[in-house]
Amino acid sequence: MILLTGATGYIGSHTWVKLLETGYEVIGLDNFSNSSQHVIDRIEKITNKKALFIEADVQDKFSLSDLFKKNQIEGVIHFAALKAVGESVQRPLDYYSNNLNGLLNLLGVLARFDCHNFVLSSSATVYHPENPIPYVEGMPLGSTSPYGWTKYMSEQILRDLEASNPEWRIAYLRYFNPVGAHPSGLIGEDPRGIPNNLMPFVTQVAVGKRKELSIFGGDWPTHDGTGVRDYIHVQDLARGHVRAIDYLLNQKKSLTVNLGAGKGYSVLDLVKSFEKASGQKIPYQIVDRRSGDIAAFYADASLADELLDWRIEFDLDAMCHDSWRWQSNNPNGFED
Ligand code: NAD
Ligand code: UFG
């Protein structure tokens, strides 16, 4: 059985579905600090399977120990974390505390129950911002926000653990910019409050929840002056997790890979693609650059191809179509 922490969140829920569809037994865990209970019913509806779930905090040792006592867990995918970059600058202690104490506590329980297969949700934000693009796994690391440092430190903690005991097998998955939603339109990204990320902001403008998009900077050194990122369909990302778990269990080795499309698109490219996919006009205004942003980054995704036989199946148009289907079917997210 595979344990997913942060299972009812955006990436966790899509991965849960993929694992069940692949034939894995899964148990989900979440404290609902950034997700809805309705996700569980939706997962059951999509997969036609029972979704085993426990409401708990990864910082709660007793609940975790109880879970490991009652279930034969052979691997863990650890999504549970706080993830808003700007908020992490305002509330660094909450981020270090939740993301690092949660990880340490979970690893302590895993060690006690001899469960050594672990997948970390890492991020492109662990690459030093001065690296040339595309980012390759061996490049220097660093970060620009407390959130980013929690991912950097999480990687370091796990590397030290691996060095201490060769039984540990860790997949360090560095995600680029996940967007899109399940093609059923039943699950998708449902941020609380004003979205920080581009795609949920665009979809909320499209359903009339927000008046216009603010584009942060029109004078970046990119092909049209707007920021360039590597958008990856959440369905492709979810499939990457299934491949990573297969790899840990079968190859019995650790790995560090980028999960990105390997291509960069600008904010305006995404807006144009979204308008085409949705038939909706997205009014926008170019405003000042957002502090902490960089002009462009995208992945070299060839190592994931080589080690996991994984490559993307969905392009930017499909990402926009699926994001739109999700948002237009669920204008208020899971609270409809
Ligand atoms: P999300 O907020 O939708 O999901 C995270 C889930 O973890 C939420 O359901 C939340 O309730 C839960 N959670 C948080 N702290 C918890 C705790 N202490 N105990 C139990 N549950 C807890 O975020 P997401 O986009 O699905 O991201 C999943 C993971 O991927 C995170 O670790 C995030 O840092 C990482 N990541 C996300 C992105 C992105 O752009 N979405 C990019 C790179 C990495
Ligand atoms: N952008 C806008 N307007 C908005 C939101 C974003 O113009 O309202 C622009 C940004 O300036 C950037 C691009 O859209 O050029 C993408 O911005 P996001 O906030 O969607 O994504 P980031 O690349 O800034 O960061 C995201 C996650 C981080 C993660 C990183 C790499 O938020 O946690 O991807 O995985 F580390």
Side-chain angles (χ1 to χ4, degrees), residues 4-15 28-37 39 54-60 63-64 77-86 88 94-95 97-99 101-103 105-106 120-127 135 143-145 147-148 150-151 154 173-179 188-192 194-202 204-205 210 212-218 220 222 226-232 234 237-238 241 258-260 264-268 270-271 284-299:
L4 304 190
T5 74
T8 46
Y10 173 44
I11 305 169
S13 56
H14 289 80
T15 304
L29 176 150
D30 207 294
N31 67 357
F32 297 121
S33 58
N34 197 38
S35 54
S36 158
Q37 315 215 13
V39 171
I54 162 177
E55 181 175 350
D57 195 298
V58 282
Q59 299 187 66
D60 172 3
S63 298
L64 287 180
I77 307 183
H78 181 46
F79 295 105
L82 297 174
K83 63 155 185 180
V85 174
S88 79
D94 291 344
Y95 274 69
S97 165
N98 189 67
N99 295 3
N101 286 336
L103 174 71
N105 187 49
L106 179 61
L120 176 73
S121 291
S122 189
S123 165
T125 194
V126 301
Y127 288 105
Y135 290 167
S143 205
T144 49
S145 69
Y147 164 72
T150 69
K151 293 294 171 185
S154 297
L173 304 184
R174 295 181 180 155
Y175 317 154
F176 281 67
N177 290 53
V179 297
E189 188 169 14
D190 181 20
R192 299 214 162 141
I194 302 172
N196 297 297
N197 297 115
L198 179 61
M199 184 64 96
F201 205 103
V202 168
Q204 291 197 8
V205 170
R210 320 238 161 241
E212 64 178 14
L213 171 71
S214 297
I215 296 184
F216 301 137
W220 293 102
T222 60
T226 65
V228 165
R229 295 292 183 273
D230 182 336
Y231 297 98
I232 170 172
V234 68
L237 188 58
H241 289 75
N258 290 334
L259 292 180
Y265 288 101
S266 72
V267 177
L268 285 173
L270 185 143
V271 167
Y284 67 82
Q285 225 193 104
I286 308 245
V287 300
D288 287 348
R289 291 179 178 188
R290 179 172 66 177
S291 123
D293 268 355
I294 59 176
F297 61 82
Y298 54 91

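When a ligand or atom number is given, it counts from 1 through the structure's own listing order. Predicted model only: the values in this text are computed from it and were never measured.
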**Message:** Could you check whether E55 and N31, counting side-chain N and O atoms only, form a donor-acceptor pair closer than 3.5 Å?
**Reply:** no
**Prompt:** Say you draw a straight line from OG of S88 to NZ of K151; how long is it, rounded to the nearest 0.5 Å?
**Reply:** 11.5 Å
**Request:** Could you tell me whether F297 and Y135 have their ring centroids closer than 6.0 angstrom?
**Result:** yes
**Item:** Set of residues that line ligand 2, where lining means a heavy atom lies under 4.0 Å from it
**Value:** V85, S123, A124, T125, Y147, Y175, F176, N177, N196, N197, L198, L213, S214, I215, F216, G227, R229, Y231, V267, R290, D293, F297
**Fill in**
Sorted by chain and residue number, the residues with a non-hydrogen atom under 4.0 Å of ligand 1 are G6, T8, G9, Y10, I11, D30, N31, F32, S33, N34, S35, A56, D57, V58, F79, A80, A81, K83, N98, S121, S122, S123, Y147, K151, Y175, F176, P178
**Message:** Is the distance from the ring center of H14 to that of F79 below 6.0 Å?
**Reply:** no
**Message:** More than 12 heavy atoms of other residues, nucleotides or ligands under 6.0 Å from OH of Y284: yes or no?
**Reply:** no
**Message:** Can you see whether Y127 engages N258 through a side-chain donor-acceptor pair at a distance of less than 3.5 angstrom?
**Reply:** yes
**Request:** Hey, could you give me the OG1/CG distance between T5 and L106, rounded to the nearest 0.5 Å?
**Result:** 6.0 Å
**Item:** Value rounded to 0.5 Å, distance of OH in Y95 from OG in S145
**Value:** 9.0 Å
**Message:** Working to the nearest 0.5 angstrom, can you tell me the gap between L29 CG and S63 OG?
**Reply:** 8.0 Å
